[in-house]
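Take a look at the structure set out below.
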Amino acid sequence: MSTLQPARGTRDLLPDEARRHHHVIETARALSARYGFAEWVTPIFEFTEVFSRTLGETSDVVTKEMYSFTDRGGEQVTLRPEGTAGICRAVISNGLTQSLPVKAFYAGPMFRYERPQKGRYRQFHQIGVELIGAAEPVADAEAIALGWDILAALGVAADTVLEINTLGDGESRTAYRAALVAYFTAHEAALSEDSRARLARNPMRILDSKDEGDRALVAKAPLIGGFLTPAASAFYDGVKRALAGFGVPFVENPRIVRGLDYYCHTAFEFTTTRLGAQGTVMAGGRYDGLIAGMGGPETPGVGWAAGVERLAMLMADPPREEAPIAVVPVGEEAEAHALAVLIGLRKAGLRAEMAYRGNVKRRMQRADRIGARFAVLLGSDEIARGEATVRDLASGTQAAVGLTALAGWIKDHR
Ligand code: ATP
Ligand code: MG
């Protein structure tokens, strides 16, 4: 029955997959804390304006991908498609534009109405950081260095390349935009329909087009480098110097723009060739105009977001949890004692489980299925002696162990 399938583009995270996600998030959270980024948790839905006004009326996310609806009170709300707008809204709402810098880490689900593919879902998860209130190029480099450290800790840094670019300041972009409009207008007939619309509204977005015909034109389009003001050039040089200072390897790619409207100066992506078309694992940049555009004071910011699914696909298996202990009562009279032993093991900090029913054979099969390391067998004879028979399920050997010493014995022998 189709209604018993998850909705298109959504997935269940069963334990193996959930463990991979947790490992990504825990690693990122711990390293972010080391850099001074504290976790923020903002709502999963916001007033639609929070996104439509900041991401850009012509961005793909706003025009095609938002999950927006009118709630029962008549409010226009949207399931968040990304994390930056919500954090910036929260900085303003909580009056924090007076206590900068803010260094925020976040993790959670995001929602975009996309065509689902491997590594591309309608509900997906991101980790991200925002460094708000720092206008210096070293801030860009530090945010990137943190991202690089996280990729390294996940064991995927060697599979990724950091590509950086500058989008310049307002003056650089005005000049560059004019050059792009001239170039693409001369080739308008060859542009995709989407890009012809972008030409009038936001020509830089054409550089980000995934259409093959567009990409061929983009390859010969003018580059921003020729239009940078001295100040924008100096900023970019500062970022590159600071990246070298942090020891983060990078390549320059003048084609990187980023799909959202709020970026200026630094734009960057960590990409991999191991995930096919969905090659961007972490992406971000500087967004100095965003908070002012929302109605807050002029406030600089820089940050990035990474797809948890894509990182989880790239990394090796995370460390497994300690194998459990199976408590196995032998005969019905032993069940009450077995329960006491079970409780004692858990209180001692051990993972322990007891099957609810079945004879010894069935319960031992169950112990196998849960991957138990030891089975603790309790029959009336053992109980009378104040002992349990502990079977090592890896080696098949067993030993009689006094009940009071049981948890300690297991900790010593596992
Ligand atoms: P793409 O070019 O792949 O569509 P994007 O530019 O839309 O990416 P961002 O908005 O910068 O992506 O989001 C940052 C990261 O979040 C991406 O690099 C990717 O790892 C992840 N991501 C974005 N959209 C999805 C999605 N629909 N499903 C899974 N991960 C996603
Ligand atoms: Mg996208």
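For ligands, and for the atoms within them, numbers begin at 1 and follow the listed sequence.
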Donor-acceptor contact below 3.5 Å, side chain [X] vs main chain [Y]:
X	Y	result
Arg363	Gly358	yes
Arg310	Gly119	yes
Arg351	Glu322	yes
Gln278	Lys118	yes

From [atom], work out which of [options] has a heavy atom at the shortest distance.
atom	options	value
atom 31 (C) of ligand 1	Phe124, Tyr121, Phe111	Phe124
atom 1 (P) of ligand 1	Arg115, Arg120, His125, Gln123	Arg120
atom 7 (O) of ligand 1	Lys118, Arg122, Arg112	Arg112

Give the numbers and elements of all ligand 1 atoms closer than 4.0 Å to a heavy atom of [X].
X	answer
Gly307	15 (C), 16 (O), 20 (O), 21 (C)
Lys210	1 (P), 2 (O), 4 (O)
Glu114	24 (N), 25 (C), 26 (C), 27 (N)

| request: Cation-pi check, Lys103 to Phe105: give yes when NZ or CZ is under 6.0 Å from the six-membered ring centre and within 45° of the ring axis, no otherwise. | output: no
| said: Less than 6.0 angstrom from the centroid, inside 45 degrees of the normal: does Arg173 satisfy that with respect to the ring of Phe227? | reply: no
| said: Here's a test for you: under side chain to side chain contact (heavy atoms under 4.5 Å, CB included), which of Arg80, Arg122, Met110, Arg112 qualifies with Tyr67? | reply: Arg122
| Has ligand 1 got any nitrogen or oxygen that is less than 3.5 angstrom from a nitrogen or oxygen of Arg310? | yes
| Taking non-hydrogen atoms only, is Val61 closer than 4.0 angstrom to ligand 1 via side chain, backbone, both or neither? | neither
| request: Examine the proximity of ligand 1 to Glu269 and report which part, side chain or backbone, both or neither, has a heavy atom under 4.0 Å away. | output: neither
| Heavy-atom gap Glu82 to ligand 1 smaller than 4.0 Å | no
